[in-house]
Amino acid sequence: MKIRHIFVAVVVLLALFGMLLMVAELPPYGSADNPGQNMVAQRYINDALEDTGVPNMVTAVVLDYRAYDTMFETIVLFTAALAVVVALKPAEEEGDDA
Amino acid sequence: MQFVAVDYWIMALSLILMGASLALFFIKDLIHAVIVYGAYSVTMAVIWLLMNTPDLAITEAAAGICTTVMMMVAIYRTRRPKKGNKDEN
Amino acid sequence: MRDFILKRMIAVILAFIFVYGFYVILHGHISPGGSFAGGIIVSLSFIAFATVYGIDKGKEKLPEKFLVWVESYGTLWYGLMGLVGICKGAPFLANKLAGIDLGVPGTLSSGGLIGLIGFGVGIRVASTMITLFYTLMEGDA
Amino acid sequence: MMTSWTTHLPVFVVILPLFVGFILPTLARRLRLVENLVIAVEVISFVMAAALAVLLFKQNGSPIPYAMGGWPAPWGIRIIADNLGVLFLLVIAIVGLPIALYTKGNLREEVGGRSRTARFYALYLLLMGALAGMAVTNDLFNVFVLVEVATLSACGLVSAHRNPRAAEAAFNYLILATLGSGLVMGSIGFLYITTGHLNMEFAARELAQVWQHSPHVVWMAASFMLTGFGVKAAMFPLHVWLPDAHSMAPTPGSAVLSGLAVKGYLICLLKILYNVFGQTLMRHFTMHHVLTAAGIAAILAGSILALRQDELKRRLAYSTVAQVGYIILGFGFVNQRGLAGSLFYLASHALIKSTLFLTAGAIISATGKTKVSELAGVGRKMPLTMGAFTVASLGLVGIPLFSGFVGKWHLLLGSFESGNFAAAAVILAGSVFCAAYLFPILRNAYFQETPGENWQDPGMAQRAAFVLLSAAIIFFGILPTPLLTLAQRAAADLLFLQ
Amino acid sequence: MTTFLEKLLINYPYVISVILFFIGTLIILTQSNLFKKLLGINVMETATFLMFIAAGNIRGGAVPILSDTNAPYINPLPSALMLTGIVVSISVTAFALALILRLYREYGTVDANEIARLRNGGMEK
Amino acid sequence: MINLILALLSGVVGALLTALIPAKNDRLRTTVVFAALASALIFSWRTALLVFAGAELELTFGLAGLTWRLAPDPLGAMFVLIASTLWLVAGLYSAGYMAGKRNLKSYYSFFLLANSITLGVACAGNLVALYLFYELLTLSTYPLVIHERSAEAVKAGAKYIIYSLSGAGALLAAIVITHALTGHSDFTSVPVLAGQTGKGLNWLLALFIAGFGVKAAIMPLHRWLPEAMVAPTPISALLHAVAVVYSGVYGIIRVVYTVFGPELMSSLTFAKALPWIASFTILVGVMIATRQDVLKKRLAYHTISQLSYILLGAFTLQPLGLSGAMLHMISYSLLKVTLFFCAGIIAEQTGETVVSRMGGVGWSLPKTMAAFGVASLGMVGMLPLNTFWSKYYLMRGGVASGSWPLALVLITSGIINAVCFIPTVVAAFKGESQGRVHLESGSSVSLMLVPTVLLAGISLLIGLWPGLVWDGVQAVVNSFF
């Protein structure tokens with residue numbers, strides 16, 4: 001068990017080092033000209049009100065621009081509810097319908 | 001790149017985050033661990049608030065509480081005295 | 001747990017939590033928050049109720065069968081809102097393109113389908129959370 | 001009206017199973033209706049997938065895009081029913097129908113009461129919908145969400161079995177798969193931060209310009225992506241959850257997990273590797289060598305582990321590890337033949353492995369025996385079941401005129417084209433191993449003394465499922481052209497050959 | 001030409017999220033208590049969320065709700081994505097808790113090693 | 001054309017019918033089996049004669065994205081003749097040997113199926129079809145190997161199938177490479193790989209030889225063959241001394257003459273090593289055979305040795321060598337089947353399988369032992385028997401190819417063969433008659449004896465009048481040179 005833990009720790013530390021190398025190459029945090037603030041974000045910011053009629057851009061993105069994702073998001077929650085019931089409901093309970 | 005006050009706030013709060021997450025390694029009592037996680041989650045929500053995303057901050061706060069409550073419930077249920085191992089985690 | 005003061009306190013606070021949750025759901029598109037956070041807040045009020053007054057009492061108020069219906073048809077509601085677009089000759093999940101009136105920005109009824117979808121999602125998130133809680137509380141007896 | 005319905009096909013094929021899945025829990029009292037609904041959904045899905053394929057062939061393989069909500073590509077989510085997607089949609093539809101038939105009236109023993117069964121069906125349909133979504137998705141974050149739906153529903157399917165060990169298998173699966181999706185999400189995050197796009201085409205275009213400034217980002221994104229999907233798709237060293245999960249799940253669950261779910265993750269990985277990183281970056285960062293090495297290791301290790309199992313379903317589960325190796329190996333060849341072979345092999349393995357699991361489940365429930373060594377004489381008592389098992393085994397070994405052969409043939413062509421002779425040797429050795437772990441089952445079943453017990457083929461629906469599956473295996477072995485053309489075009493698309 | 005450490009300091013939210021990510025991963029991989037594993041998953045996922053959100057943030061930017069500020073609005077896309085992410089993480093947590101409860105019902109413990117031991121012992125019988 | 005199809009189908013149809021007939025109905029099954037064997041025989045002969053007369057038969061299918069071609073040429077026709085004739089004889093012998101034994105249904109079904117598939121191997125018109133039939137042959141003969149269902153049989157079967165499938169794997173790799181190089185693999189008068197250059201061809205040849213060499217039992221790949229002798233005697237005689245192993249030998253000749261072609265072969269380094277590999281197998285095989293005490297094992301190792309005679313002839317790349325190979329293919333098959341049949345009769349009648357305890361058997365079973373003696377003489381290569389001619393041409397071929405030691409190898413091997421078999425025959429007639437032991441197996445001696453003696457007679461006839469088969473042999477040789 002112990003050896004496995006050490007192995008895991010070494011692997012994770014190596015990966016951590018790689019990640020730090022990577023972080024140094026990422027565009028600087030908080031800058032207004034990051035790749036993230038490109039035409040995609042600009043359209044969400046500038047046209048959201050006109051496109052969707054809501055001032056909250058996050059909601060505009062969640063429920064309109066990327067509504068397809070959000071549909072799957074609700075499905076994830078639905079799946080979890082189903083799975084929880086399947087996992088915990090006793091197998092023999094005839095006539096019971098939840 | 002100049003740091004502003006918000007940055008220092010975030011750094012300070014992130015120390016709490018790291019402390020809380022490291023504490024998860026060592027805390028034996030699960031209830032305590034979950035409480036620590038709740039604190040972690042609220043701190044995270046505050047950080048997100050500082051990062052200009054109030055939507056997420058609200059959601060994370062709610063979700064953190066929800067997670068904490070569910071875990072509490074589950075932990076209490078796995079502590080029913082069965083075979084006398086009441087204090088075992 | 002079965003403390004009198006606690007029960008009274010909760011009874012008062014719960015109403016506020018409940019109403020606040022619905023506020024968050026309904027104002028998701030004009031202020032911070034959203035249907036998901038609001039749904040959780042609504043569910044938390046019920047969870048608190050069930051915790052304090054006992055799960056059975058909670059089930060009296062919200063039977064599991066009802067929750068299943070809300071969950072299923074709440075999720076379906078989202079899809080049906082998407083189909084509105086198709087019925088109007090626009091793509092799936094279209095809102096403005098489907099010719100829905102977007103209303104006056106900043107009001108509760110604005111945003112066309114967004115408000116409707118958000119409300120459905122909020123309700124069903126709440127019911128799902130309550131289901132999860134019920135099941136975890138006494139799923140395997 | 002006709003045209004409008006066909007333009008909406010790519011989305012209908014995704015949402016139909018989902019919509020029906022939503023309402024199934026409320027119909028728990030009427031299980032008959034639920035079963036018939038599921039079968040109907042599968043039939044309609046098949047028709048729609050076939051219609052999409054016809055449409056695609058009519059326009060010579062140029063993809064059918066669909067902008068969700070009408071928002072154009074970089075802003076909204078645009079799904080694309082291209083050759084790859086339609087190929088996988090067809091596979092889902094062809095495999096899904098027999099599995100649905102198999103479940104008819106057959107879940108009581110493994111799953112339990114009505115509400116559980118209804119939810120099992122709902123989870124099954126959600127998984128199908130998520131897989132269909134993966135087939136047509138073209139958006140990085142959409143991939144993540146679909147992967148999550150698939151993971152949760154797959155875990156739900158595993159945990160639906162009454163056996164206590166199923167819960168443990170599901171938990172391990174859930175933890176590792178969530179770790180995997182955390183890695184995938186991290187990787188998507190890196191890509192998003194550097195490129196600012198989530199749409200695969202735009203991200204690829206942007207990445208091609210910026211990757212030289214941030215090679216480590218590409219490194220980490222690629223390795224996270226490979227590890228994350230590797231965990232989910234059971235690439236060899238990361239397969240630890242698979243044997244438990246796939247052997248503990250209820251039989252239809254095992255079939256759909258081994259046959260389709262793993263393939264869905266592989267399709268997503270393929271899309272991201274080739275559509276976002278592109279073959280230039282793959283070669284530059286030697287990702288193809290990693291894939292090839294992982295494939296070789298998986299084939300050898302999976303086969304050897306499978307040989308050592310005595311429990312039938314576990315043996316099949318390890319066999320999946322080995323067969324996933326073939327597909328990964330094909331991804332690593334980075335040429336059209338290898339990719340086409342890999343995709344065809346993916347389709348053929350989906351058919352074959354679901355047949356194997358379904359027949360194994362039928363045998364286990366009829367005989368009550370789970371060990372390979374105890375199954376003497378099953379072939380005589382359950383001719384149809386064992387016949388389907390035989391067809392699938394021959395297909396998996398790669399006997400000509402069964403579907404596995406076509407895939408192996410093209411994989412071999414690909415491996416020679418990329419000059420990778422070790423891979424070719426491993427592909428062939430894998431066939432021999434495959435024979436070594438499957439043929440003893442057949443030998444026991446046909447050439448051992450038949451016990452006097454009253455074992456019987458399962459009911460009509462199940463038999464229909466077996467007949468359909470084995471017919472498909474033979475059909476695609478003899479006339480692979482439709483699928484193979486799709487696979488070749490998909491490979492050309494992925495490599496940007498025109 | 002900024003040095004490596006300076007770059008790290010500029011990108012400190014990413015560093016934090018990376019560290020948290022690995023702490024979470026380590027908790028998952030090394031802790032045998034199932035609840036701890038679950039907490040590890042949550043830590044890991046929130047770390048990823050943090051990374052996304054930091055990617056969308058602009059220092060001195062404005063909340064992405066239309067108002068009459070002059071500050072640039074921050075990118076709403078990562079927030080939208082992370083809403084989905086939070087739902088996913090809560091779903092996973094709920095399901096994992098259900099499985100833990102079922103495992104507890106079957107084995108009477110919530111320790112992975114213990115469960116493995118009990119199962120193998122059960123198989124020998 | 002119709003002859004070819006009927007020849008191929010009669011075995012399959014017979015197998016299906018046999019599988020449908022109830023297990024108890026012996027009489028009906030025998031009828032069906034012989035009808036199928038006879039029709040296979042008749043139509044194969046007609047096909048073969050058409051081919052020898054110069055007719056071009058060709059059937060093409062486009063399946064699995066590949067072209068599958070059936071086109072027998074003189075070489076294939078020769079194999080068709082040998083296989084279909086011996087199959088009927090072995091069927092006759094089986095009727096005697098297997099009478100009253102268990103699992104007859106599966107035995108005859110797979111017996112007939114293997115007949116069709118072997119004819120398919122012979123008629124295959126391109127590598128892909130050849131591979132298909134080659135693979136199917138493994139699968140259809142596997143049940144015959146494990147016919148006894150004993151642990152030993154199962155182990156032998158596992159070994160057989162692993163070896164064969166590994167070989168088929170190497171073959172598949174080779175075929176895929178050939179396909180990638182030329183885009184087709186049809187057997188025509190122009191060799192498939194004609195005009196190709198490159199060092200890789202050596203490896204390709206090695207892959208081909210390894211693929212077919214497993215069934216042809218070239219020395220390092222031979223280990224499955226002695227083990228497969230646990231099968232019933234007709235199966236050992238027909239499949240593991242003739243049909244299955246000939247499919248390997250046939251495949252190698254195909255590869256050498258139709259895929260690579262003599263010209264290309266003579267330029268390859270590996271091709272120069274091949275006669276020596278064959279020689280090694282000849283000598284070592286027969287030496288091991290001499291040390292075996294169990295008769296069937298001795299015959300098995302002897303088979304390994306003799307198969308390489310044929311290969312040696314083919315590897316000389318000389319018309320004379322190929323003539324020798326063809327002649328040996330015919331002669332050896334007749335003699336080896338005789339030997340196995342005798343071994344089967346001895347085992348069934350006296351219960352004796354070990355050579356050292358066969359003293360006096362000759363007096364109990366005079367006709368059998370006489371046939372055995374004739375066949376033994378043939379294995380040595382004595383004059384009145386057909387193998388004399390084949391060895392003669394093999395030696396001439398070896399010398400013509402410029403390596404006179406090859407002739408020496410053949411002579412040495414003949415001497416060892418004599419050491420191997422003559423003492424057995426002599427011992428059998430030494431000592432007292434042991435009396436006939438009647439085992440209660442219900443097997444019929446006369447049904448076993450007739451084919452045995454018949455084959456020995458044919459061998460003598462060919463030995464005395466080799467012109468009987470010479471035309472066919474010349475046709476094969478002319479089709480390649």
Legend entry - Check: A:Y65 ring centre within less than 6.0 Å of D:W75 ring centre: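 Aromatic pair excluded; centres sit 6.0 Å or further apart.
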Is it the backbone or the side chain of [X] that comes under 4.5 Å from a heavy atom of chain A, or both, or neither?
{"X": "D:N199", "answer": "neither"}
{"X": "D:L127", "answer": "neither"}
{"X": "D:A160", "answer": "both"}
{"X": "D:I79", "answer": "side chain"}
{"X": "D:V14", "answer": "side chain"}

Taking all atoms of both residues into account, what is the closest heavy-atom pair of [X] and [Y], and its distance?
{"X": "D:V145", "Y": "A:F72", "value": "CG1-CB, 3.2 Å"}
{"X": "D:R119", "Y": "A:L82", "value": "CG-CD2, 3.6 Å"}
{"X": "A:N38", "Y": "D:T195", "value": "ND2-O, 3.9 Å"}
{"X": "D:N142", "Y": "A:R66", "value": "N-NH2, 4.2 Å"}
{"X": "D:P72", "Y": "A:R43", "value": "CG-NH1, 4.0 Å"}
{"X": "A:M39", "Y": "D:P74", "value": "CE-CG, 4.0 Å"}

Only pairs of heavy atoms separated by less than 4.5 Å count here; which of [options] has the most with chain A?
{"options": "D:H197, D:E148, D:H161", "answer": "D:H197"}
{"options": "D:G69, D:G156, D:S159", "answer": "D:S159"}
{"options": "D:A166, D:P215, D:S223, D:G186", "answer": "D:P215"}
{"options": "D:V210, D:V158, D:D139", "answer": "D:D139"}

Inset, instruction - Determine whether A:D51 and D:W71 make a side-chain contact, defined as any pair of heavy atoms from C-beta on separated by less than 4.5 Å. - result: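 A:D51 reaches D:W71 side chain to side chain.
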Inset, instruction - Report yes if the side chains of A:P27 and D:I193 come closer than 4.5 Å at any heavy-atom pair, otherwise no. - result: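 Touching, per the 4.5 Å side-chain cut-off.
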At what distance, to the nearest 0.5 angstrom, does [atom1] of [X] lie from [atom2] of [Y]?
{"X": "D:F190", "Y": "A:E25", "atom1": "CZ", "atom2": "CD", "result": "12.0 Å"}
{"X": "D:T194", "Y": "A:N34", "atom1": "OG1", "atom2": "CG", "result": "10.5 Å"}
{"X": "A:Y68", "Y": "D:R78", "atom1": "OH", "atom2": "CZ", "result": "14.0 Å"}
{"X": "A:T74", "Y": "D:F22", "atom1": "OG1", "atom2": "CZ", "result": "6.0 Å"}
{"X": "A:T79", "Y": "D:L126", "atom1": "OG1", "atom2": "CG", "result": "4.5 Å"}
{"X": "A:M71", "Y": "D:I77", "atom1": "CE", "atom2": "CD1", "result": "9.5 Å"}

Legend entry - Residue among A:A24, A:G18, A:A15 with most heavy-atom pairs under 4.5 Å to chain D: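 If we count pairs closer than 4.5 Å to chain D, A:G18 comes out on top.
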Inset, instruction - For chain D, find which of A:G36, A:A80, A:P35 contributes the most heavy-atom pairs closer than 4.5 angstrom. - result: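 Counting heavy-atom pairs under 4.5 Å, the top option is A:P35.
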Inset, instruction - Answer with side chain, backbone, both or neither: which region of A:A67 has an atom nearer than 4.5 Å to a non-hydrogen atom of chain D? - result: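 Contact with chain D is absent: no heavy atom of A:A67 under 4.5 Å.
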